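Structure first, then comments.
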Amino acid sequence: MGMSVTISAAAEQDAEQIFRLQYLCFQGEAALYGNYRIDPLVQSLDSVRAEVASDCVFVARLGDEVVGSVRGRVTEDGSAAIGKLCVHPRLQGHGIGARLLRAAEAALAEERGATSFRLHTGHRSEGNLRLYRKVGYQTVGTSEGTDGVPMIVLEKPAGTYAATA
């Protein structure tokens with residue numbers, strides 16, 4: 001690649017770039033399900049701003065450009081819900097998604113006391129499922145997204161950081 005992508009906690013001023021990136025990244029996902037009302041596409045900028053302020057949000061940067069993002073928060077039962085992982089289409093396949101996941105997992109466990117991590121992805125999203133399994137997640141069930149898309153729920157215990165993917 002010749003350029004280094006850095007991973008860091010998101011700052012308030014990143015919200016707009018995260019918002020735009022998310023919109024771009026999830027078009028493919030929407031097409032896969034023929035559903036353009038999926039959560040990441042209908043989320044408002046204000047809602048993204050609120051998540052950056054309260055949740056555990058990490059970004060991947062290439063220079064000044066936000067090229068990847070993930071967010072997570074600890075729920076009542078002590079497990080952390082991780083979601084909206086996205087990497088710019090032109091930079092996919094370089095391990096950025098795995099790095100973002102690891103950063104979020106470490107922060108959620110170490111700073112926010114998460115005991116396990118949970119995420120879900122659409123049942124046809126092979127690329128996502130491959131990545132999640134590679135970094136140690138296992139399928140624990142299925143659910144239906146608010147948008148009606150069948151989701152696969154995956155989990156892994158905290159303290160089981162994947163070796164560098």
Side-chain angles (χ1 to χ4, degrees), residues 1 5-10 18 21-33 35 38-43 47-48 51-52 54-61 66-165:
M1 273 185 50
V5 171
T6 58
I7 309 284
S8 58
I18 293 170
L21 177 72
Q22 180 173 303
Y23 196 81
L24 171 73
C25 291
F26 282 94
Q27 295 293 329
E29 206 66 355
L32 199 56
Y33 297 101
N35 182 345
I38 59 172
D39 238 19
L41 294 186
V42 296
Q43 187 180 16
S47 167
V48 173
E51 286 181 351
V52 168
S54 67
D55 295 351
C56 194
V57 183
F58 279 85
V59 289
R61 286 178 218 277
V66 171
V67 294
S69 160
V70 68
R71 66 207 76 162
R73 64 190 154 72
V74 179
T75 57
E76 302 71 58
D77 64 1
S79 74
I82 296 177
K84 299 197 181 97
L85 174 67
C86 57
V87 174
H88 195 292
R90 72 166 196 272
L91 292 174
Q92 285 172 10
H94 293 285
I96 298 168
R99 287 174 61 197
L100 280 163
L101 260 181
R102 266 200 306 280
E105 288 169 358
L108 286 160
E110 291 156 23
E111 294 161 26
R112 303 196 180 198
T115 52
S116 65
F117 311 116
R118 180 184 303 132
L119 41 82
H120 42 274
T121 190
H123 67 305
R124 292 185 199 146
S125 308
E126 279 312 314
N128 296 359
L129 288 165
R130 238 193 336 271
L131 166 64
Y132 298 148
R133 291 191 176 125
K134 192 163 105 180
V135 298
Y137 284 84
Q138 289 179 330
T139 302
V140 293
T142 55
S143 71
E144 190 168 300
T146 46
D147 44 31
V149 171
M151 304 296 259
I152 292 175
V153 183
L154 302 101
E155 275 185 13
K156 82 175 192 185
T160 51
Y161 299 118
T164 308

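Keep in mind it's a predicted model, so treat the numbers as computed, not measured.
Rounding to the nearest 0.5 Å places CZ of Arg112 at 6.5 Å from CG of Asp55. The NE2 atom of His120 sits 12.5 Å away from atom OH of Tyr137, with the distance rounded to the nearest 0.5 Å. For the atom pair CG (Leu32) and CD (Glu126), the distance works out to 9.0 Å, reported to the nearest 0.5 Å. In this structure, the separation between NE2 on His94 and CZ on Arg99 is 11.5 Å, given to the nearest 0.5 Å. One finds the CZ atom of Phe117 at 10.0 Å from the OG atom of Ser79 (value rounded to the nearest 0.5 Å).
Side-chain contact check for Thr121 versus Leu154: some heavy-atom pair is nearer than 4.5 Å. Between Pro157 and Thr115 there is no side-chain heavy-atom pair separated by less than 4.5 Å. Residues Arg133 and Thr139 are in side-chain contact: their nearest non-hydrogen atoms beyond the backbone lie under 4.5 Å apart. Val74 places a side-chain heavy atom less than 4.5 Å from the side chain of Leu108. Proximity of His88 to Leu24: side-chain heavy atoms (C-beta onward) are separated by under 4.5 Å at one or more points. Residues Cys86 and Leu21 have side chains in contact (heavy-atom distance under 4.5 Å, counting atoms from C-beta outward). The shortest side-chain heavy-atom distance between Ser69 and Lys84 does not fall under the 4.5 Å cut-off. Using a 4.5 Å heavy-atom threshold, the side chains of Leu41 and Gln27 count as touching.
Here the closest heavy-atom approach between residue Ile7 and residue Ala60 is recorded as CD1-CB, 3.8 Å. Of all non-hydrogen atoms in Leu131 and Ala98, the two that sit nearest each other are CD1-CB, 3.8 Å. Nearest heavy-atom pair, Val59 versus Ala10, reported as atom, atom and distance to 0.1 Å: CG1-CB, 3.9 Å. Of all heavy-atom pairs between Leu101 and Ile82, the closest is CD2-CG2, 3.9 Å.
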Pair Leu100-Leu85, side-chain contact (heavy atoms from CB on, under 4.5 Å): steps then yes or no: CA-CA 8 Å; Leu100 280 163; Leu85 174 67; 3.9 Å; yes
Check against side-chain contact (heavy atoms from CB on, under 4.5 Å), Glu29 and Asn35: CA-CA 8 Å; Glu29 206 66 355; Asn35 182 345; over 6 Å; no
Chi angles and distances behind the side-chain hydrogen bond (donor to acceptor under 3.5 Å, both in side chains) call for Tyr33, Ser125: CA-CA 9 Å; Tyr33 297 101; Ser125 308; 2.8 Å; yes
Criterion side-chain hydrogen bond (donor to acceptor under 3.5 Å, both in side chains) on Gln43 and Gln22, from CA distance to verdict: CA-CA 9 Å; Gln43 187 180 16; Gln22 180 173 303; 2.8 Å; yes
Full working for side-chain contact (heavy atoms from CB on, under 4.5 Å) between Val149 and Ile38: CA-CA 8 Å; Val149 171; Ile38 59 172; 4.3 Å; yes
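Electrostatic pairing of Asp77 and Arg118 counts as a salt bridge here, judged by a charged N lying under 4.0 Å from a carboxylate O. Between Glu51 and Arg73 there is no salt bridge, since no side-chain nitrogen of the basic residue lies less than 4.0 Å from a carboxylate oxygen of the acidic one.
At least one donor-acceptor pair closer than 3.5 Å links the side chain of Gln92 to the backbone N or O of Val87.
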